Amino acid sequence: MSQIRHCQICNTAHNFSVKGLLSYPKHFDDKTIHKYYQRLMKKIEEHNIQQIPFSNDHICYQIENDICENCWLFMHQGFYCNKCQIYNHNNENEYKICMLCNVQYCINCENTLELFSQNKLCRTCEYNKNESLGTPSFLISFFISLLIPCFACSFFFKKMMKTVEKFHYTTSQYTFAMITFVIIFPFIYFLSIIGFVALLIFKVLVWIFQIMQSFKKVRMISDYLHQFSHFLYKCCQLNYIIGNPFMNKFLNLRKPSVYFILGVGPGSGKGTQGELLSKNLKFAHLSAGQLLRDAITSNSEHKSTIENCINNGVIVPSHVTINLLDKAIFENQSSESFLIDGFPRNYENMQCWIDLMDHKITFKSVIHILCSRQSMISRIQERSKTSGRSDDNLQILEKRFVTFENDTQKIIEHNRNLNQLIEIDGDNSIEKVQAQILELFNKSLIH
Ligand SMILES: Nc1ncnc2c1ncn2[C@@H]1O[C@H](COP(=O)(O)OP(=O)(O)O)[C@@H](O)[C@H]1O
Ligand SMILES: O=c1ccn([C@@H]2O[C@H](COP(=O)(O)OP(=O)(O)O)[C@@H](O)[C@H]2O)c(=O)[nH]1
């Protein structure tokens, strides 16, 4: 049985034994300590032993083995120094420094402070404080995990619908778009929602447990939940990070690539080289001139306009040619790259193409085949024997050269200034010219 003693502070009989320190204001002498303490005890009761305001101006009174439980509780408002085995008073917002040994303690727990600790907290508390999921980060996670995918979903879906209607997707591109939207994106979105709901539940639990903080175990669980909700928050972030590239991939998906091939006039060999390149590089070859000639034979509504222009060696109105090119690209869904020969022919062609087609395609570069006038004339004369083209005669040929110099030359200069022009010597044999172009493609000098 423990010995009955009298508390040195309040003088009540007790069998509770602990060493301790009690601080009290300096201006109190020994006789008034007792009164003072009673007043403090009253305060303790009033404040439900939670918080007692102390001034800085306190002195310490060391008590050995003679403190009752009430007084001990009072002193327990302070902190325990493991080294000196005493309780110290703890003034709010001040360092916890043991009055005997001057060791500093973390204001949040009972760990001693490490060197260079900040904010009066030990490393663990500092880390927990930074890592815990505060309201701002919670709101961020809300946006990241729920709202952003939600907006993104509707945005991308609308975009997909628009683009699928507008752009000429190849079958594989279309399939990829569908897989992205129908399977991958909802899956990621679903994960995000799950992550968010779990986060919300845990956050509520954390709040509930925080209210009941006085229970140590609950506080511990609450800490774990804090960590866990933080982990979920990170998962949500990751989810978004992983989901995004898929979306980006879709956004870049996929406008057909377009290369233009121009010459220095009729007969420079652009049609011949375009045909060969399409075979070697698996590009689709579209000849603007051929599309126009086909439109004449198929009695298109612009038949007479086209016929008139071709037979005068002048350029057909832009919207007519672009309309035919657009249709041809759209009908050729299996190709991802197109080589368009003989277009654009003038500035208006180019401007109109930019307005009508630039958003549907990815423009790559212009291959420009150089050739001497003499070679061109003799080639066209040779071609006229079999081509059956009404414009393959010397009279119209002359007009076509004039049109080239007046109009097409400007486009060539424009592309040269933009560094988009790749010039090829077209006076060599067909094979050599082709090899030269292929080499540039292989070396990625044409891309
Ligand atoms: N490098 C070349 N050497 C010799 N003949 C060529 C060469 N390139 C093209 N040809 C011939 O010249 C004619 C005109 O060529 P083509 O490719 O139709 O010219 P373009 O499309 O520029 O009007 C064709 O009969 C073609 O076989
Ligand atoms: O974008 C084009 C391509 C061709 N043409 C017309 O079609 C003719 C034949 O062009 P093509 O490119 O087939 O032959 P080239 O004159 O280059 O041998 C030209 O003279 C033009 O009248 C046109 O107006 N716009």
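Throughout, numbering of the chain's residues begins at 1 and tracks the sequence. As the structure is a computational prediction, the values presented were derived from the model and not from experiment. Read the numbers this way: they start at 1 and go in the same order the structure lists the ligands and their atoms.
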Which residue owns the protein heavy atom closest to atom 12 (O) of ligand 2, what's the atom, and how far is it? Arg345 NH1, 3.0 Å

For ligand 1, which atoms sit closer than 4.0 Å to a heavy atom of Gly271? 17 (O), 20 (P), 21 (O)

Under 3.5 Å donor-acceptor, Ser375 side chain and Cys371 backbone: no

Heavy atom of the protein closest to atom 16 (O) of ligand 2 (residue, atom name, distance): Arg400 NH2, 2.8 Å

Atom 23 (C) of ligand 2: nearest protein contact (heavy atom, Å): Leu292 CD1, 3.4 Å

Is Arg383 touching ligand 2 with its side chain, its backbone, both, or neither, if touching means heavy atoms under 4.0 Å apart? side chain

Check each atom of ligand 2 against the heavy atoms of Thr321 and keep those under 4.0 Å away; list them by number with element. 1 (O)

Can you figure out which of Arg379, Arg400, Gln381, Gln273 has its heavy atom closest to atom 11 (C) of ligand 1? Arg379

Kindly confirm or rule out an N or O of Ile380 lying under 3.5 angstrom from an N or O of ligand 1. no

Side chain Asn323, main chain His319, donor-acceptor under 3.5 Å: no

Measuring from non-hydrogen atoms of Asp427 to any atom of ligand 1, is the shortest distance under 4.0 Å? no

Per-residue contact class, Arg389 against ligand 2 - non-hydrogen pairs under 4.0 Å: side chain

Regarding ligand 1, does Pro266 bring an N or O atom to under 3.5 Å of one of the ligand's N or O atoms? no

Under 4.0 Å from a heavy atom of Val314: which atoms of ligand 2 are those, numbered in the order shown and with their elements? 21 (C), 22 (O), 24 (O)

Heteroatom proximity flag, Ser287 to ligand 2, N/O under 3.5 Å: no

Distance filter under 4.0 Å to Arg293 heavy atoms, resulting ligand 2 atoms: 9 (C), 13 (O)

Atoms of ligand 1 close to Gly426 [distance to a heavy atom under 4.0 angstrom, numbered from 1]: 1 (N)

For Gly342, the atoms of ligand 2 under 4.0 Å from one of its heavy atoms are 1 (O), 2 (C), 3 (C)

Please identify which atoms of ligand 2 are closer than 4.0 Å to at least one heavy atom of Ala288. 1 (O), 2 (C), 3 (C)

Name the orientation class of the two ring planes belonging to Tyr259 and Phe283 (parallel below 30°, tilted from 30 to 60°, perpendicular beyond 60°). parallel

Within the structure, does Lys270 bring an N/O atom to less than 3.5 angstrom of an N/O atom in ligand 1? yes

Side chains of Asn406 and Thr403 only: does a donor on one sit below 3.5 Å from an acceptor on the other? no

